[in-house]
Amino acid sequence: MFEPRSRAYLTDPNAFEKAVLAAWERSDILQQTAEARHDADPFVFYEGPPTANGRPGIHHVLARTLKDSVCRYQTMRGKRIERKAGWDTHGLPVELEVEKQLAISGKPEIEKYGLGPFNQKCRDSVFTYKEEWETLSKRIGYLLDYEKPYVTFDKDYIESVWFLLARFAANDLLYLGSKVLPWCGRCGTGLSSHEVGQGYLDIDDPSVWISFPLIAAPGALAGAALVAWTTTPWTLPSNMGVCVHPDFEYAIIAHDGKRYILLESKAAAVFGDGSWEVVGSVKGSELGGLCYTPLFTWQGGRVVHEGTHHHMVVVDDFVSDEEGTGMVHMAPYGADDFRIAQRDGLRAVLAFGDEARLLAEVAGVAVGTFFRDANKPLARDLKERGRLLKISQYRHSYPHCWRCETPLIYYPSPAWFLRTTAFKDKMVAGNKKIRWAPAEIGAGRFGEWLENNIDWALSRDRFWGTPLPVWVNQEDPEDWICVESFAQLALYAGDLGENFDPHRPVVDEICFPTPTPGKTGIMRRVPQVIDCWFDSGAMPLAQHHWPFENRERVAEQFPANFICEGLDQTRGWFYSLHAIATFLTQYDASLWESGKLWGENLPRLKPGGAYASCLVGGLLLDKNGVKMSKRLGNIVRPAEAIEEHGADAIRWGLLAGGAAHLSRRYDDKGIAEVRRRVLGTLAASYDFFALYARTEDWDVRAPRPPRQQREPLDRWILSQVASVAADNVVAWESLQPANAMRALETFIVDELSNWYIRRSRRRFWGAEGVASQAAAFATLYEVLHTTLRLAAPIIPFLTDALWQELTGSTESIHLQLFPDANNPADLIAVAIDEPLSAAMAPILRASSLGRAVRERVQIRVRQPLSKMVIHIANEDQLSGSPRAYEAAIREELNVKEIEWVEGTPDFLQVKAKPNFPRLGKRAGSDMKALGAAIGALDRATVFALQGGASVAVSVGDHVYTLEGEDIILQTESAAGMEAATDGLVTIGLVTELTPELLCEGLAREIMNRLQTQRKESGLEVQDRIEAVLSGDAAVQAAIAEHGAWIAEEVLAPHGLRWVDTPRAENNLEFRSWELPNEQRASIAISKIVLETA
RNA sequence: GGGCCAGUAGCUCAGUUGGUUAGAGCGUCCGCCUGAUAAGCGGGAGGUCAGAGGUUCAACUCCUCUUUGGCCCA
């Protein structure tokens, strides 16, 4: 107990923390916490599953620390938290990693390698760095149950996912549609958006303006042609419509005897200058529904959307007025185009197929022509037929295959969707109930995304993922089923075997006759797997194999009170969790109707989303503000940083570095500063306490004096820590840990260490009497007791080590309750004392001003001064009196006497300023003039106002009646002494040095040299000494006057011995010191051993 | 191309519902302290709050545009 720890911590935080970690593992802190909170209310936390096929970086430390801190805080609030780890194991990133490993690339090569072996590789790959993740997480103190994690590729997990998909199907929300996807014709493979993102190259394409003559158009439009622009002439054979913006005003332009319709601002780009004129205008919405003459006549191709309309003008606000003509040629190769075709019933036919080659002859261009090679001949044909108005070259950025650099083609492919739009309103409404931190993510980013919700494209044409459990009748594509469980599958297909693994390719081989009555045909599974975001979004249920098992447990652990992930999860996990939960609990009425499932009770899950609050973490950039990436090699390896600084300093540094959601920079120097400045100060404050608790034999069990009997400074620091505790609760509850930490840091460094302890040191060695000493110990103990608990969620290692030393308990701080001033059982119960806190502020300001004056007049603090005057403007409006702290400021500034100035002493130059918030509303536009008038008020008027009188001031035509509260009194200076003011507090120092003061100053100088010599001789603070001095006459006089006092301070029980000539004797060696004013002293000291009784 | 976020001292960041001297730490210069001592503290200097326009008696704060950076989606 009371062992000093700061040295050990500061020199090797890594070793220090590892010892704490070892203790946690010995005592199984996770298990202990669970037992301690066994009957407590649950606080539900969901761990967002990381993928362990890459190394964890420092940014993962940020996310995990945020999660851990909030959970530790809640545990200290008395809550029970399950902390189940999870692993995300499916998906394209895993496949890409394995492709790299095997040096293969693309679907054909994977198929050649074999699906079974490939998926086995994926399964192995996802846990490549599992151990590294676990080690790191444990080392940074992230408490999580790694023994029983949920794993998305587990058989049970997949079965739960199947069940959920079957629920979507049962509600008619699963359907087969088409999705426009990027495709590489050469590799024969679709690409993910992630892959597209890394393959943009600049290429030259023809830029063409095409005319679309309207058929049977009314009025001024008769005989006119629309003009559209494109850089992909190869898409023109598939033209199915022209899209206009409903709100644009299009110009009707006469040129060369013909009339065209397009935006006036774009006409010059087509027709040049001067040769055209505007003859009318038409609004986009009026063009909708008109038809035009097709560009090409040809047969064949692949129909991707049957429709009743051909070559028609459609209206949509995706059209922009920046490029082109304000009119867009529509072909089924664009996502917007295809969406509108489906919406408006346009017939969509592809001219180019799977290998990006022409499927049918068009305008003499041969079947099999690669899509980009068709650009020129098609353009030539259009030109000959007068449909091409202009052609030029256009350089732009275009997506290419990242493997082979072939330009990509986009077209619609079959895909399975979840009809999330069916319950969009419920998702939007549910989102409003989520407490987002920061709030703008919920209203803005996530809210916008939900408002614009489109159906979830669920399927992926890939290999390693949860197989889509849809089986289709090979004879009738309308006859399909979504399987809800392995048992159901076995019912259709027979026994699945002991070690059934639902992954591809095993599951692909399962087929069976259609169970649909009256139909024939074999059911085969569709080839797709599902989006791995569905996997992770299903985790609230699938992690417990719901509803096959754990129905009660899931009902209790749903929804989450809290989740926390990075900003990049908005459209990822945040969405998939929300969508699945909203559907299941609010849309799937038939599931809950009977209260039973398969004949057994199914506890109702609380209707709503999957989480009640969400803390969004920002991105972590390197110290230059650049995103960390493997490519740039600026990744910070967490292990190295931890070895250097320890986990606590990093945890504090990352969490305090700014509002959680902002991207911020990781700066090694910043972490080092936190370690020294904040954590070091906390440890040193404890050390100070421990040092004197030991030397003075203070007993933790001794009764502590009642608060009323302690000094104002004691009650002040208790009040401060109690209000920090109250603020911290607010900050944590609103998910703003950085705010909690800012308050805590100011408290630890400024208030506790630099003010309370500094000003109270003497009391601890009994220099101010027994009662004062007892009060000081009691107070500092209570404050440390509280501060450590406040900091425990953030810096679990240091606080636990100090806690056990401080309290002498072997019970971890993480089993304690968070400080609560409202709880009578808490050590800081009802400690908040507003008046006492308010009264300290002017004291701190006065002390700062006093130091500034001393600095200016070059009189060191060691030199006592006779008097200081303090004037506090509006002192009577303070809720407490600063005069309670007179002793503190007298000692701090080393002055003999404080004079509290009241009223209107002549030496104060004062000025009134308007109280803007009060007067602004009343005065309005007169405010400026009124302000000037107030500034010009004379001294007597200002003090009359202060005294409660009313004063009329006229400005322009108005007369304003001012009262005391309408002005703010400011002090400008104090005449006749060395003074300083900050406007509210003014101090003046009497700097005249009398012989007495000089003598005492010299005595303090001598004492300083004695103390320095003590320290440099390696003495302990409680060692007694013999002291012999010699020196000038002034020195001798100072010792004669103050020797007894000096002797007491430097622990020389026999007093100071004076010799005229310093000569070495026995253990005494003289050292010569320079003193101010070219005075000199020689001092010799030696330790004396006190006889013990 | 769309949505969201950010730009405040050399650096890292605070800044309440708009209110008139914009704060802290680090760094730098100067000084102090010594019964927490391989520490600690204070005082200076340093800012046209990214730029422009607008609303207002009053804008770092609200609105618009521009610009730079970031994230997500196309």
Side-chain angles (χ1 to χ4, degrees), chain A residues 4 6-7 10-11 193 196 318 320 322-323 334-336 438 440-441 443-449 451-452 566-572 616 618-619 621 623 625-627 653 656-659 661-665 667 669-670 672-674 676-678 680-681 683-692 695 738-739 742 745-746 749-750 753-754 757-758 761-762 764-765 767 847-848 850-856 858 860-862 913-931 970 982-983 1007-1009 1011-1012 1014-1016 1019-1023 1049-1051:
Chain A
S6 72
R7 183 65 48 73
L10 284 169
T11 45
S193 57
V196 173
F318 94 97
S320 106
E322 291 183 8
E323 276 188 330
D336 279 314
E440 54 268 30
I441 302 276
R445 202 176 171 119
F446 196 60
E448 290 285 337
W449 159 255
E451 289 287 353
N452 299 318
L567 187 61
D568 51 348
Q569 294 293 324
T570 315
R571 268 89 161 175
V616 183
L619 263 93
L621 311 173
K623 63 175 182 229
V626 181
K627 190 183 174 182
H661 67 289
L662 298 179
S663 39
R664 79 289 291 279
R665 303 178 179 200
D667 183 7
K669 276 205 272 187
E673 185 196 322
V674 163
R676 192 179 48 74
R677 185 166 177 279
V678 185
T681 302
S685 297
Y686 157 77
D687 265 17
F688 173 85
F689 176 83
L691 174 64
Y692 291 104
T695 57
N739 289 1
R742 241 193 315 282
E745 177 180 328
T746 304
V749 176
D750 293 338
S753 174
N754 289 339
I757 295 183
R758 190 154 57 93
R761 279 182 294 195
R762 299 172 54 80
F764 285 88
W765 56 85
S847 119
S848 166
R851 279 187 294 257
V853 170
R854 276 186 172 273
E855 174 97 13
R856 194 170 70 224
Q858 291 286 302
R860 52 183 49 183
V861 179
R862 219 179 277 139
K913 294 190 68 171
N915 184 353
F916 281 99
R918 248 181 91 92
L919 287 174
K921 288 187 197 84
R922 255 204 287 161
S925 56
D926 287 339
M927 191 61 237
K928 222 168 225 169
L930 181 59
Q970 293 213 318
D982 67 356
M1007 184 172 79
N1008 162 253
R1009 303 308 189 274
Q1011 298 287 29
T1012 306
R1014 273 185 66 109
K1015 181 189 106 192
E1016 290 179 1
L1019 296 175
E1020 299 291 326
V1021 293
Q1022 71 276 20
D1023 288 339
E1049 291 293 315
V1050 302
L1051 302 186

C1' atom, A22(B) versus U61(B): distance in rounded Å? 11 Å
How long is the line joining CZ of Phe916(A) and P of U61(B), in whole Å? 18 Å
Answer for the Watson-Crick or wobble partner of C30(B), both distances under 3.5 Å, is G42(B)
Looking only at heavy atoms, which two atoms of Val616(A) and Gly566(A) are closest? And how far apart? CG1-C, 4.1 Å
Could you state the CD-C1' distance from Glu1016(A) to G35(B), rounded to the nearest angstrom? 15 Å
Can you tell me how far C1' of C32(B) sits from CZ of Arg758(A), to the nearest Å? 11 Å
Rounded to whole Å, the CG-P distance (Asn915(A) to C57(B)) equals 19 Å
How many Å lie between CZ on Arg918(A) and P on U17(B), as a whole number? 22 Å
Given U34(B), C33(B), U21(B), identify the nucleotide with an atom nearest to the side chain of Lys913(A). U21(B)
Between Ala852(A) and Met1007(A), who's closer to the 5' end of RNA chain B by nearest nucleotide? Met1007(A)
Is any side-chain heavy atom of Arg1014(A) less than 4.5 Å from a side-chain heavy atom of Asp1023(A)? yes
Near-parallel close stack of Trp449(A) and C73(B) base (under 5.5 Å, under 30°): no
Options G43(B), A36(B), C57(B), nucleotide nearest the side-chain atoms of Tyr692(A): A36(B)
Heavy atoms under 4.0 Å, any strand shown: does Arg862(A) hit a base, just sugar-phosphate, or nothing? sugar-phosphate
Nearest-Å distance once atom C1' is located in both A9(B) and C26(B): 12 Å
Give me, pair by pair, the N or O atoms of the protein and of nucleotides 24-27 of chain B that are less than 3.5 Å apart, along with how far apart they are.
unit_1: G25(B); atom_1: O3'; unit_2: Arg677(A); atom_2: NE; d: 3.4
unit_1: G25(B); atom_1: O2'; unit_2: Glu673(A); atom_2: OE2; d: 2.1
unit_1: C26(B); atom_1: O4'; unit_2: Glu673(A); atom_2: OE1; d: 3.3

Counting any heavy atom closer than 4.0 Å, what does Thr11(A) reach on the DNA or RNA strands: base, sugar-phosphate only, or nothing? nothing
Counter-base of U37(B), judged by Watson-Crick or G-U geometry with both distances under 3.5 Å: none
Under 4.0 Å, counting only non-hydrogen atoms across every strand here, what does Arg7(A) touch: a base, just sugar-phosphate, or nothing? sugar-phosphate
Please examine the side chains of Met927(A) and Phe916(A), heavy atoms only from C-beta on, and report whether any two atoms are closer than 4.5 Å. yes
Taking atom P of C5(B) as reference, at what distance in whole Å does atom CZ of Phe446(A) sit? 16 Å
What distance, rounded to whole Å, do you find between the two P atoms, one in A45(B) and one in C4(B)? 43 Å
Pairwise P distance, G53(B) and C11(B) [rounded to whole Å]: 26 Å
Identify, between Leu691(A) and Met927(A), the residue whose nearest nucleotide on RNA chain B lies closer to the 5' end. Leu691(A)
Measure distances between side-chain N and O atoms of Ser753(A) and base N and O atoms of A36(B), and say whether any donor-acceptor pair falls under 3.5 Å. yes
Which one, C57(B), A14(B), U37(B), comes nearest to the side chain of Lys1015(A)? U37(B)
Taking any strand in view, what nucleotide pairs with A6(B) in a Watson-Crick or G-U wobble way, both distances under 3.5 Å? U68(B)
If you measure from the P atom in A6(B) to the same atom in A58(B), how many Å do you get, rounded? 26 Å
Rounded off to whole Å, could you give me the CD-to-C1' distance for the Glu1049(A) and C33(B) pair? 15 Å
Reckon Arg761(A) has a side-chain N or O less than 4.0 Å from the OP1 or OP2 of G35(B)? no
For Gly670(A), answer base if it contacts any base atom (sugar-phosphate contacts may also be present), sugar-phosphate if it contacts only those atoms, and nothing otherwise; contact means non-hydrogen atoms under 4.0 Å. nothing
Across the strands shown, which category fits Ala684(A) at heavy-atom distances under 4.0 angstrom: base, sugar-phosphate, nothing? base
Would you give the length of the straight line joining atom OG of Ser685(A) to atom CG of Asn754(A), rounded to the nearest 0.5 angstrom? 8.5 Å
Both distances below 3.5 Å, Watson-Crick or wobble geometry, any strand: find the nucleotide opposite G1(B). C73(B)
Whole-Å P distance, G54(B) and A59(B): 12 Å
Separation of atom NZ in Lys921(A) from atom P in U56(B), rounded to whole Å: 18 Å
Between Arg762(A) and Glu1049(A), does at least one N-O distance fall below 4.0 Å, as a salt bridge requires? yes
Taking all non-hydrogen atoms of both residues, which atom of Val678(A) and which atom of Val749(A) are closest, and how far apart? CA-CG2, 4.4 Å
Are a donor atom and an acceptor atom from the side chains of Thr746(A) and Arg742(A) found within less than 3.5 Å of each other? no
Spell out, as yes or no, whether a donor-acceptor pair under 3.5 Å connects the side chain of Arg677(A) to the backbone of Glu673(A). no
Please classify the nucleic acid contact of Leu1051(A) as base, sugar-phosphate, or nothing, using heavy-atom distances under 4.0 Å. base
Determine the contact category for Phe764(A): base if any of its heavy atoms lies under 4.0 Å from a base atom, sugar-phosphate if only primed atoms, P, OP1 or OP2 are that close, otherwise nothing. nothing
Between G18(B) and C57(B), how far is it from one C1' atom to the other, in whole Å? 12 Å
Can you find a side chain N or O atom of Ser6(A) that sits less than 4.0 Å from OP1 or OP2 on A36(B)? no
Which residue is it: Thr681(A), Asp687(A), Thr11(A)? I am looking for the one with a side chain to side chain contact (heavy atoms under 4.5 Å, CB included) to Ser6(A). Asp687(A)
For Asn754(A), answer base if it contacts any base atom (sugar-phosphate contacts may also be present), sugar-phosphate if it contacts only those atoms, and nothing otherwise; contact means non-hydrogen atoms under 4.0 Å. sugar-phosphate
How are the rings of Phe688(A) and Phe764(A) set to each other: parallel, tilted or perpendicular (split at 30° and 60°)? perpendicular
Provide the Watson-Crick or G-U wobble partner of U21(B), both distances under 3.5 Å; none if there is no partner. none
Could you measure between the two C1' atoms, the one in G35(B) and the one in U16(B), and give it in whole Å? 43 Å
Which is true for Leu919(A) with a 4.0 Å heavy-atom rule: it touches a base, it touches only sugar-phosphate, or it touches nothing? nothing
Side chains of Met1007(A) and Arg862(A): does their closest heavy-atom pair fall under 4.5 Å? no
